[in-house]
**Student:** 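Take this structure first; my questions come after.
Computed from a predicted model, the values in this text were never measured in an experiment. The residues of the chain are indexed from 1 along the displayed sequence. Atoms within each ligand, like the ligands themselves, are counted from 1 in listed order.
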Amino acid sequence: MKLFTSVHDVTDVNALVAEALQLKQNPFAHQHLGKNKTLGLVFLNPSLRTRMSTQKAALNLGMNVMVLNVDKEGWALELKDGAIMNGTTVEHIREAAAVMGQYVDIIGVRSFPGLKDREEDYSETIFNKFVEFCGVPVVSLESATRHPLQSLADLVTIQELKKTERPKVVLAWAPHIKALPQAVPNSFAEWMCKADVDFTIAHPEGYELNTDFTNGATITNNFNEALNGADFIYVKNWSAYEPYGKVLPGNEHWMLNNQKLQLTNDANVMHCLPVRRNLELSDEILDGPNSVVVHEAGNREWAAQAVLKQMLEAL
Ligand code: CP
């Protein structure tokens, strides 16, 4: 594997999930692969889980790791080709990405959307420029429109915890006060549509996702109907795709609580984290027996390790 930006970069999703679960059993079996190899992790936005789990995954494989918070510690990057750089930007992404590629064997990049210009966000300008200019394999640490390492960890978690061969999985919109990206729900939908699950997306009217990511899903505005018989509820907020990046008023009742959980098949409750308590998800759910959010975050390590292992094997 030379590029990991979406489920479309994976030749065999089931095999990758199985590999992640094998690595969980035996994390240090492939240390020879990463010997004298360096992973660069480049963050243009904050992170806890992605940063630590990917770093740990690389260490498990015997790699060295360098982390650059380029938004805080690097020179201000210019993205536009042909720009006359007489403003605040100091270094063009053409040189910056190419230079990073001189020091590392694989680069991970996190770059969130601006949520102002849909066309620009969905063209993945920053991420694609890193891919174009760095000259080494690139793994997405969450881009403007997708979060594939999260989705792989989510699928690993479902595979581990499922009690039926083909579980019912529900992606449930949740309230939030801020406009959040569509990257996690887009990506989760895309992966679930390729997995052996019965997949439903439930959201209030106005929160329809881009249909490029949801082909094959059942989509409903009826939260209770979606919860009925669910084995996994994946709770997540996202801002509207149309009007782009907006928070629409009046949907506070979409927060999952124990009363709503009664409608499910004793569902496991998932969330990518970070989560705002008692806004997106109630204390009673997060502190209750059905929450698997910490277990799910733990699986980020094995998802990242499976991807890095396949990249190292292809170097
Ligand atoms: N879920 C996730 O990506 O967490 P971080 O933003 O903390 O990395």
Side-chain angles (χ1 to χ4, degrees), residues 4-7 17 20 39-60 65-73 106-115 121 124 126-127 130 138-158 160-161 169 171-174 176-192 213 232-239 256 268-277 279-281 285-286 291-308:
F4 184 72
T5 62
S6 82
V7 72
V17 170
L39 173 69
L41 297 177
V42 181
F43 288 91
L44 287 85
N45 307 96
S47 169
L48 186 161
R49 281 143 289 272
T50 307
R51 173 189 307 262
M52 293 185 73
S53 62
T54 311
Q55 210 164 338
K56 181 62 164 51
L59 295 173
N60 292 347
V65 186
M66 296 198 292
V67 181
L68 178 63
N69 300 305
V70 73
D71 57 328
K72 299 183 188 74
E73 298 158 0
I106 299 172
I107 286 186
V109 178
R110 166 164 285 200
S111 169
F112 287 174
L115 291 178
D121 288 346
E124 295 281 10
I126 299 178
F127 192 87
F130 266 99
V138 179
V139 53
S140 168
L141 306 175
E142 186 172 346
S143 69
T145 63
R146 291 180 169 101
H147 195 355
L149 284 178
Q150 178 67 53
S151 307
L152 174 56
D154 297 334
L155 186 52
V156 167
T157 306
I158 290 167
E160 257 187 323
L161 301 179
V169 177
L171 168 61
W173 183 92
H176 206 285
I177 49 161
K178 282 184 66 183
L180 298 192
Q182 292 121 28
V184 169
N186 280 346
S187 197
F188 185 74
E190 200 169 52
W191 282 71
M192 287 305 119
F213 299 88
F232 293 88
I233 316 287
Y234 195 92
V235 176
K236 183 72 184 89
N237 171 269
W238 63 89
S239 58
L256 187 67
N268 289 127
V269 178
M270 303 175 69
H271 190 290
C272 63
L273 303 179
V275 63
R276 290 197 184 217
R277 281 176 172 250
L279 178 68
E280 286 180 275
L281 255 179
I285 294 278
L286 283 165
S291 172
V292 296
V293 298
V294 174
H295 180 104
E296 177 187 358
N299 280 336
R300 292 292 307 274
E301 182 176 345
W302 318 116
Q305 194 167 336
V307 170
L308 290 176

**Student:** Consider every N or O of E142 and every N or O of ligand 1, then say whether any pair is closer than 3.5 Å.
**Tutor:** no
**Student:** Looking only at side chains, do N268 and E296 share a donor and an acceptor under 3.5 Å apart?
**Tutor:** no
**Student:** What protein heavy atom sits nearest atom 4 (O) of ligand 1, and how far off is it?
**Tutor:** R49 NE, 2.9 Å
**Student:** Would you say the side chain of F188 lies within less than 4.5 Å of the side chain of K236, judging by non-hydrogen atoms?
**Tutor:** no
**Student:** With backbone taken as N, CA, C and O and side chain as the heavy atoms from C-beta onward, which portion of L273 lies under 4.0 Å from ligand 1: side chain, backbone, both, or neither?
**Tutor:** backbone
**Student:** Please identify which atoms of ligand 1 are closer than 4.0 Å to at least one heavy atom of C272.
**Tutor:** 1 (N)
**Student:** How about I285 and V235: do any of their side-chain heavy atoms sit closer than 4.5 Å?
**Tutor:** no
**Student:** Is the shortest N/O to N/O distance between P274 and ligand 1 below 3.5 Å?
**Tutor:** no
**Student:** Take atom CE in M66; do more than 12 heavy atoms of anything else shown fall under 6.0 Å from it?
**Tutor:** yes
**Student:** Enter the distance from R49:CZ to R300:CZ here, rounded to the nearest 0.5 Å.
**Tutor:** 8.0 Å
**Student:** Is it the case that atom NZ in K178 sees more than 12 heavy atoms from other parts of the structure closer than 6.0 Å?
**Tutor:** no
**Student:** Quick one: does P46 get an N or O within less than 3.5 Å of an N or O on ligand 1?
**Tutor:** no
**Student:** Counting each atom of ligand 1 from 1 as listed, which ones have a heavy atom of H147 under 4.0 Å away?
**Tutor:** 2 (C), 3 (O)
**Student:** Give the contacting part of R110 toward ligand 1: side chain, backbone, both or neither, where contact means a heavy-atom distance below 4.0 Å.
**Tutor:** side chain
**Student:** Show me which atoms of ligand 1 lie under 4.0 Å from any heavy atom of L48.
**Tutor:** 5 (P), 7 (O), 8 (O)
**Student:** So is there a nitrogen or oxygen of T50 less than 3.5 Å from a nitrogen or oxygen in ligand 1?
**Tutor:** yes
**Student:** Run D121 and Q182 through side chain to side chain contact (heavy atoms under 4.5 Å, CB included) and show every step you take.
**Tutor:** CA-CA 10 Å; D121 288 346; Q182 292 121 28; over 6 Å; no
**Student:** Are any non-hydrogen side-chain atoms of I158 and W191 less than 4.5 angstrom apart?
**Tutor:** no
**Student:** Any idea which atoms of ligand 1 are less than 4.0 Å away from a heavy-atom of R300?
**Tutor:** 1 (N), 2 (C), 3 (O)
